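Down below is the structure, laid out as structure tokens.
Just so it is clear, the structure is predicted and the values come from calculations on it, not from any experiment. Worth knowing before you read on, the calculation uses all heavy atoms, side chains too, and leaves out hydrogens, waters and symmetry mates. Chain letters run A, B, ... following the sequence lines, proteins first and then strands; every chain starts at 1.
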Number of protein chains: 2
Amino acid sequence: MKIGDLARRSGLTAHTIRYYERIGLLPYADRNQSRHRDYDASILTWIEFLGRLKTTGMPIRDMLRYAALREEGAGTEAERRALLEQHRERVRAQVDELNACLLVLDTKIDGYVETEQRKNDDDAPVQNRIRGRRKPA
Amino acid sequence: MKIGDLARRSGLTAHTIRYYERIGLLPYADRNQSRHRDYDASILTWIEFLGRLKTTGMPIRDMLRYAALREEGAGTEAERRALLEQHRERVRAQVDELNACLLVLDTKIDGYVETEQRKNDDDAPVQNRIRGRRKPA
DNA sequence: TCTTGACTTAGAGCGCGCTCGAACCCGTAG
DNA sequence: CTACGGGTTCGAGCGCGCTCTAAGTCAAGA
């Protein structure tokens, strides 16, 4: 598979794939006789996993640490596991924080909903004007 | 309240507070006779809300839009509400995505746990060597 | 009076994660 | 043969969100 194909299949750009290889996030790719990168489909699994790490906010320097352990191969599993477990805790905390923010957003939005309702009340005929908040019938 | 106090109470740096004022995220602050910014405690509520928007990944340009509507005052509630509702949907999607990533992380970590167990099996005395994966008794 | 320290402004600099441009090299279709 | 649509390397540039420096002002305490 050439870099363009991998780009299409991975969702990254060829530029980004080269960049990732340059910094060590992707292993140095085999080249064909034209010195073009020639990928095995298995790289897609790794790119997808990197995407998960990225989505969950892991900085590239941490991904690099993980990638380096992976390159080292057997014997680094315990450290890789520890890295992922730490990261998992951070992500869980992040989810909790986002959920807390969602509650605040809900409250704020409810406030605007009530503003809207008061506005509708003011527009309504006199016999419907009752003090305070109220659902339309 | 002076900028240093606000910094301590808000968790932002004085630099960042001035930066936020410069770009319009914070309203232009009143100055005392020494041209120093003099804040009312109510600004803390707004800063805290900005923090929520930031935590949930809203880019500054979008916060600016919301801040501008807020400055405009009455009559902009519907648009502010719409902004927040759109943002809430994005945050919900983000939470879903993170939870999906957490599942993947769990799976990956489980893989390493099993690697570790196999390693322990190999270290164990012969009578405990049973083929395949297995919990310690 | 003098020192200290927090404030002011304008503008430069930085770390991150790409993103792109320049100049060049191939292989294939017309 | 030539044009084109990929690929290559190296290095510069960019958008974001701060972060910091320089040079100066001001008020309060020793």
How many whole angstroms separate atom [atom1] of [X] from atom [atom2] of [N]?
{"X": "A/Glu21", "N": "C/dG17", "atom1": "CD", "atom2": "C1'", "value": "17 Å"}
{"X": "A/His36", "N": "C/dC26", "atom1": "NE2", "atom2": "C1'", "value": "6 Å"}
{"X": "B/Tyr39", "N": "C/dC7", "atom1": "OH", "atom2": "P", "value": "10 Å"}
{"X": "B/Asp38", "N": "C/dA6", "atom1": "CG", "atom2": "C1'", "value": "14 Å"}
{"X": "B/His15", "N": "C/dA6", "atom1": "NE2", "atom2": "C1'", "value": "12 Å"}
{"X": "B/Met63", "N": "D/dC18", "atom1": "CE", "atom2": "P", "value": "7 Å"}
{"X": "B/Ile17", "N": "D/dG17", "atom1": "CD1", "atom2": "C1'", "value": "15 Å"}
{"X": "B/Asn32", "N": "D/dC26", "atom1": "CG", "atom2": "P", "value": "11 Å"}

Within the pair [X] and [N], is there a side-chain N or O less than 4.0 Å away from OP1 or OP2?
{"X": "A/Arg35", "N": "C/dC26", "value": "no"}
{"X": "B/Lys54", "N": "D/dC18", "value": "yes"}
{"X": "A/Arg18", "N": "D/dT8", "value": "yes"}
{"X": "A/Arg22", "N": "C/dT19", "value": "no"}
{"X": "A/Arg37", "N": "D/dT8", "value": "yes"}
{"X": "A/Tyr20", "N": "C/dC18", "value": "yes"}
{"X": "B/Arg31", "N": "D/dT25", "value": "no"}
{"X": "B/Ser34", "N": "D/dT25", "value": "no"}

[Y] side chain reached by [X] side chain, heavy atoms, under 4.5 Å:
{"X": "B/Arg70", "Y": "B/Trp46", "result": "yes"}
{"X": "B/Arg88", "Y": "A/Ile109", "result": "yes"}
{"X": "B/Ile47", "Y": "B/Tyr20", "result": "no"}
{"X": "B/Leu83", "Y": "B/Asp62", "result": "no"}

(message) Which nucleotide wins on minimum distance to the side chain of B/Tyr19, given the candidates C/dG21, D/dC20, D/dT19?
(response) D/dT19
(request) Output yes when A/Glu77 and A/Arg81 qualify as a salt bridge under the 4.0 Å nitrogen-oxygen rule, no when they do not. (result) no
